[in-house]
Amino acid sequence: MPEGHTIHRLAADLVAVFADRTVRASSPQGRFSDGSAALEGARFIDAQAYGKHLVITFARARRTLLLHVHLGLYGDLAVSSLKPREGPPEPWGQVRLRLVGAGGFADLRGPTACELLDPGQLDALIARLGPDPLRLEDDERRAWQVISRSASPIAVLLMRQDVVAGVGNVYRAEVLFRLGIDPWTPGRELARTMWRRIWRDLVTLMAQGVDVGRIDTVRTKHLPERTGRAPRRDRHGGEVYVYRREAQPCLVCGEPIRRAELAARNLFWCPACQSRPH
DNA sequence: GTGATATGCGGAT
DNA sequence: TCCGCCTATCACT
């Protein structure tokens with residue numbers, strides 16, 4: 001499930017399985033029947049991630065088709081390869097879209113968005129996103145334009161996709177912990193150098209997330225000293241310092257991790273480690 | 001079986 | 001700031 005690293009990894013998986021091949025498309029659940037009919041028999045060209053948005057390009061009869069997928073909170077895209085002459089299994093659960101090619105198949109479940117876009121709509125989508133730490137052509141400057149003028153807490157700004165694209169609740173909590181930043185620090189009180197450090201650590205953490213397929217912030221070139229306590233390992237599979245570790249001792253100082261609701265999302269932080277006066 | 005929960009986001013209030 | 005949506009999973013009864 002989906003912060004930006006998941007989507008970038010899925011894009012790479014899709015390319016590995018489908019690139020330059022013809023796909024069969026269906027909507028076993030029936031809620032994307034028109035779209036799957038349009039995609040049936042198209043050739044897969046490319047898949048790209050922009051923050052948490054996945055864009056798959058197809059060509060059919062000299063026309064370009066752009067499929068936009070956003071997984072939202074519970075969406076899942078399962079990409080699997082198939083051996084030669086092996087067929088895909090029967091779909092299980094609510095499959096919005098199934099793509100089948102000679103090399104494998106992909107099942108999309110529970111997305112917030114699954115739609116065909118025209119080029120103008122895709123441009124508009126990308127234009128409203130901030131820089132993505134996982135896209136090489138992006139850098140932190142555009143985000144700083146917003147952050148340096150905002151009274152909102154840095155914890156809120158990091159979740160805004162028009163400020164930074166691809167950061168979710170886990171990376172937000174973890175990057176602030178790793179740099180010892182009080183999550184309630186207003187953006188405009190953050191030092192320029194501190195914002196650059198946040199961006200650089202997001203690049204490190206999220207690239208690592210793409211590589212290993214999970215969020216693992218404790219073993220990733222971490223900054224704070226670790227004690228002997230076991231980090232949290234949950235079904236996300238990774239090891240984290242503070243995310244969903246409410247009331248458990250901080251891995252660094254032992255202080256209980258705190259949780260608060262902020263902009264309708266859970267925020268986790270260590271009140272002792274994260275008090276840096278920016 | 002039931003209910004709570006979730007890495008998200010857009011639209012109404 | 002709140003609500004609704006989409007779905008699977010896990011801890012309960």
Side-chain angles (χ1 to χ4, degrees), chain A residues 1-11 27-33 35 49-55 68-78 91-98 106-115 117 121 124-130 132-134 151-153 155-178 183 202 205-218 220 231-247 257 259-269:
Chain A
M1 283 172 236
E3 296 197 20
H5 70 298
T6 306
I7 313 306
H8 281 262
R9 190 177 166 92
L10 284 172
S27 180
Q29 174 201 53
R31 291 186 51 178
F32 193 56
S33 300
Y50 301 90
K52 298 169 190 170
H53 298 261
L54 178 65
V55 177
H68 169 227
V69 171
H70 193 294
L71 294 178
L73 191 50
Y74 348 86
D76 180 48
L77 179 61
W92 55 272
Q94 299 288 312
V95 177
R96 183 80 55 90
L97 171 66
R98 167 171 276 196
D107 283 345
L108 174 66
R109 295 182 181 81
T112 288
C114 173
E115 58 189 357
L117 298 182
Q121 291 173 305
L125 171 71
I126 294 170
R128 70 177 164 81
L129 294 174
D132 177 347
L134 289 173
S152 298
V156 170
L157 294 165
L158 282 175
M159 295 282 282
R160 272 178 50 183
Q161 300 299 297
D162 61 333
V163 178
V164 192
V167 175
N169 208 0
V170 185
Y171 283 126
R172 172 266 288 267
E174 295 296 306
V175 76
L176 292 176
F177 177 86
R178 283 164 57 98
L202 286 172
L205 289 174
M206 294 175 74
Q208 156 88 6
V210 175
D211 286 345
V212 305
R214 61 171 192 259
I215 298 177
D216 201 345
T217 61
V218 179
T220 301
R232 175 169 196 279
R233 182 183 282 281
D234 68 5
R235 67 192 174 99
H236 306 134
E239 293 174 335
V240 292
Y241 283 107
V242 291
Y243 176 70
R244 288 189 64 188
R245 293 196 62 247
E246 181 184 12
I257 298 302
R259 179 184 69 85
E261 286 225 349
L262 180 60
R265 304 298 302 276
N266 283 319
L267 169 69
F268 301 89
W269 81 104

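Since the structure is predicted, the reported quantities are computational estimates derived from the model, not experimental observations. Throughout, a chain's letter reflects where its sequence line sits, starting with A, and its residues are numbered from 1.
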Starting the side chain at C-beta, find the nucleotide from [options] nearest to [X].
X      : options              : value
A:Y243 : C:dT7, B:dA6, B:dG8  : B:dA6
A:R128 : B:dA6, B:dG8, B:dG10 : B:dG10
A:E3   : C:dT7, B:dC9, B:dG8  : B:dG8
A:R244 : B:dC9, B:dA6, C:dT7  : B:dA6
A:R109 : B:dA6, B:dG8, C:dA8  : C:dA8
A:R96  : B:dC9, B:dA6, C:dT7  : C:dT7

Residue pairs passing the salt bridge (Lys or Arg N to Asp or Glu O under 4.0 Å) test where at least one lies in residues 156-175 of chain A, sequence neighbours excluded: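 Qualifying pairs, neighbours excluded: A:R160-A:D162.
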To the nearest angstrom, how far is [X] atom [atom1] from [N] atom [atom2]?
X      : N      : atom1 : atom2 : value
A:N169 : B:dC9  : CG    : P     : 11 Å
A:D162 : B:dG10 : CG    : P     : 10 Å
A:L73  : C:dA8  : CG    : C1'   : 11 Å

For B:dG8, does OP1 or OP2 lie under 4.0 Å from any side-chain N or O of A:H70?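 Answer no for this pair, as no side-chain N or O of A:H70 is under 4.0 Å from OP1 or OP2.
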Quick one: label A:R160 by what it contacts on the DNA or RNA (base, sugar-phosphate, nothing), any heavy atom closer than 4.0 Å.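 Contact class for A:R160: none.
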Distance between the C1' atoms of C:dA8 and B:dG10, in whole angstroms?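 Comparing C1' positions in C:dA8 and B:dG10 gives a spacing of 23 Å.
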Looking at side-chain heavy atoms only, is the closest gap between A:R98 and A:F32 below 4.5 Å?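 A side-chain contact under 4.5 Å is absent here.
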